[in-house]
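Just so it is clear, the model here is predicted, and its values are computed rather than measured. Each chain gets a letter, A, B and so on, in the order its sequence line appears, and its residues count up from 1.
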There are 2 protein chains.
Amino acid sequence: MSGSRAAAKARTHENLLDAAATVFAERGYGAASVEEIARTAGVSVGSVYAHFTSKEKLFVALMERRSAREFATAQAELVGGFEAAVPALDRQLLAEADSAHLAELGAEAWLHALRSPAFGAELAAHHRRVHDVVTAMVAQERERRGTTLSMSDSEVGTVATALARGLVQYRRLSPETVPDDLFGRTLTALLRGLEAPPPPPASPPASDRAVPGSVDA
Amino acid sequence: MSGSRAAAKARTHENLLDAAATVFAERGYGAASVEEIARTAGVSVGSVYAHFTSKEKLFVALMERRSAREFATAQAELVGGFEAAVPALDRQLLAEADSAHLAELGAEAWLHALRSPAFGAELAAHHRRVHDVVTAMVAQERERRGTTLSMSDSEVGTVATALARGLVQYRRLSPETVPDDLFGRTLTALLRGLEAPPPPPASPPASDRAVPGSVDA
DNA sequence: GTCTATACCGGGATAGAC
DNA sequence: GTCTATCCCGGTATAGAC
């Protein structure tokens, strides 16, 4: 029946994306070959081009699937509020850093975004969506505590996502330098430091810049 | 005279590394061609192979020069202590994020390190050297303040370097999301949050938390 | 939609003259 | 050490049968 044919097609489609994830991650975009992707997926080169018009389109399709999954994960983890989310965030960071391919694909995506303006806009939009979710969690936690932070919610969101990215990369290269719970401990300490009222300018014109209740973004 | 010949050779050598930086950054390691590197440097392909035995060796040589410069910069900026270093760190982060090629080369280096164990060991060693300098600065600042931190100096160093890396990448893709002084403000707040003594489990003397959940470190 | 076969091109690396 | 010319392989993409 046509249903099984459609299912077979969809299966090949997913297999190709899985194979592309493996090969792009292991070889890098430029050095990855369509032939190896086809072989990994168990199909021929011709089949790849029946599903994707070019190597670049295949890469972009893979990245879109990856972004969708990443966003879904982020949303699912942050609904419970900050304190509940901290262990989940630590686990998520470990999963990405210790995965065989996730961190590499992230770097490949970033590099490709810098080289292809169209894809760059897509990746920036994805970052913004994730960032908005993180920012909302920060705002929620700030309101729950009933305090003000010397940094906007949006800025805290940027710092948190950037830190996660950096820690993943360091841990991937030198796992022993990034303890399992370093991310969560840092976020906790950072919130405490932002929450504490700035030290009163004792004698000199200190470089304190804390503005309680600063703007959002 | 032989001196001028040696100087010419050295000039070509440096030109090749500069050209390699440009082309590897713009195309990526896999897609970069030795022919384009030669053309950018104003020499022939044959000359490239007279200086470097392979494309990969050329890449590694470029990365070694880059590591050496990065380490020298890090050392120079951190000798003055934390407070003096904060603006310099912000400037350095902006320079890397807004440079045409530095951030890309960093990502290419990281990816190559994951794919080549020998180079991976080299890059990890470089990270460790930079990390040691940062950690020393953290220790110095901690001692200057005469306080204790709820995180080891080394961990703070890891967090600081990872955060810098992440912020560079976010700013390169979406400059408006990373203010010029975000890195320095975050470091300052983080130290403040780490410095604050963890709330005693029994009854906090001066701390007023209207919410049952306590912050763990 | 999947296969085999192939057109077509570009890149890494080398040879040998100067 | 630098050049030109070339070898040779492997890659993207397509054609056409089933």
Side-chain angles (χ1 to χ4, degrees), chain A residues 1-63 108 111-112 115-116 118-119, chain B residues 1-63 108 111-112 115-116 118-119:
Chain A
M1 45 184 139
S2 73
S4 74
R5 271 204 299 268
K9 177 185 172 183
R11 218 177 307 125
T12 298
H13 195 89
E14 289 301 303
N15 286 345
L16 279 173
L17 289 178
D18 292 342
T22 300
V23 177
F24 280 132
E26 288 180 352
R27 310 279 185 204
Y29 177 78
S33 79
V34 176
E35 187 276 332
E36 186 176 358
I37 294 172
R39 181 159 31 86
T40 304
V43 298
S44 69
V45 176
S47 272
V48 176
Y49 284 94
H51 284 263
F52 304 95
T53 60
S54 70
K55 175 182 170 180
E56 208 255 345
K57 288 282 173 59
L58 168 57
F59 180 78
V60 171
L62 168 64
M63 290 304 152
E108 293 288 344
L111 285 167
H112 195 71
R115 288 160 191 158
S116 157
F119 182 70
Chain B
M1 50 189 81
S2 73
S4 76
R5 272 203 299 268
K9 176 186 172 183
R11 219 177 305 126
T12 297
H13 195 90
E14 290 300 304
N15 287 346
L16 279 172
L17 290 178
D18 293 342
T22 300
V23 177
F24 280 132
E26 289 180 353
R27 310 278 186 207
Y29 177 78
S33 79
V34 176
E35 187 276 332
E36 185 177 359
I37 294 172
R39 183 159 30 87
T40 303
V43 298
S44 70
V45 176
S47 274
V48 176
Y49 285 95
H51 283 264
F52 305 94
T53 60
S54 70
K55 175 183 172 180
E56 207 254 345
K57 287 283 173 60
L58 168 56
F59 181 79
V60 171
L62 168 64
M63 289 305 152
E108 293 288 345
L111 286 167
H112 196 71
R115 288 160 191 157
S116 157
F119 182 70

Checklist line | Under 4.0 angstrom between His51(B) side-chain N/O and dT2(D) OP1 or OP2 | finding: yes
Nearest whole Å is fine: how far is [N] [atom2] from [X] [atom1]?
X        : N       : atom1 : atom2 : answer
Glu35(B) : dT2(D)  : CD    : C1'   : 16 Å
Tyr29(B) : dG11(C) : OH    : C1'   : 12 Å
Ile37(B) : dG11(C) : CD1   : P     : 11 Å
Phe59(A) : dG11(D) : CZ    : C1'   : 18 Å
Phe52(B) : dG1(D)  : CZ    : P     : 12 Å
Arg39(B) : dT4(D)  : CZ    : P     : 14 Å
Glu36(B) : dG12(C) : CD    : C1'   : 15 Å
Arg27(A) : dG11(D) : CZ    : P     : 9 Å

Margin query: Please check if the number of heavy atoms outside Arg115(A) that lie under 6.0 Å from its CZ is greater than 12.
Written below: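 Atom CZ in Arg115(A) is packed in, count exceeds 12.
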Output the single nucleotide from [options] whose closest atom is nearest the side chain of [X].
X        : options                  : result
Thr12(A) : dC3(C), dT12(D), dT2(C)  : dT2(C)
Val34(A) : dT12(D), dC3(C), dG1(C)  : dT12(D)
Ser47(A) : dT2(C), dG11(D), dG12(C) : dT2(C)
Lys9(A)  : dG1(C), dA13(C), dA13(D) : dG1(C)

Please classify the nucleic acid contact of [X] as base, sugar-phosphate, or nothing, using heavy-atom distances under 4.0 Å.
X        : value
Ser44(B) : base
Ala38(B) : nothing
Ala32(A) : sugar-phosphate

Check: So, does Lys57(A) use its side chain to make a donor-acceptor pair with the main chain of His51(A) at under 3.5 Å?
Finding: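 Judged by distance alone, no pair lies under 3.5 Å.
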Check: To the nearest 0.5 Å, what is the distance between NZ (Lys9(A)) and OG1 (Thr12(A))?
Finding: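 These two atoms lie 10.0 Å from each other.
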Check: Given that Ala50(B) and Val45(A) both sit by DNA chain D, which one's nearest nucleotide is further toward the 5' end?
Finding: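 The residue mapped nearer the 5' terminus is Ala50(B).
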Next item on the list: Establish, yes or no, whether the cationic atom of Lys55(A) lies under 6.0 Å from the six-membered ring centre of Tyr29(A) and within 45° of the ring axis.
Entry: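 Yes, a cation-pi geometry holds between Lys55(A) and Tyr29(A).
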Next item on the list: Apply side chain to side chain contact (heavy atoms under 4.5 Å, CB included) to Val34(B) and Tyr49(B), showing your working.
Entry: CA-CA 9 Å; Val34(B) 176; Tyr49(B) 285 95; 3.6 Å; yes
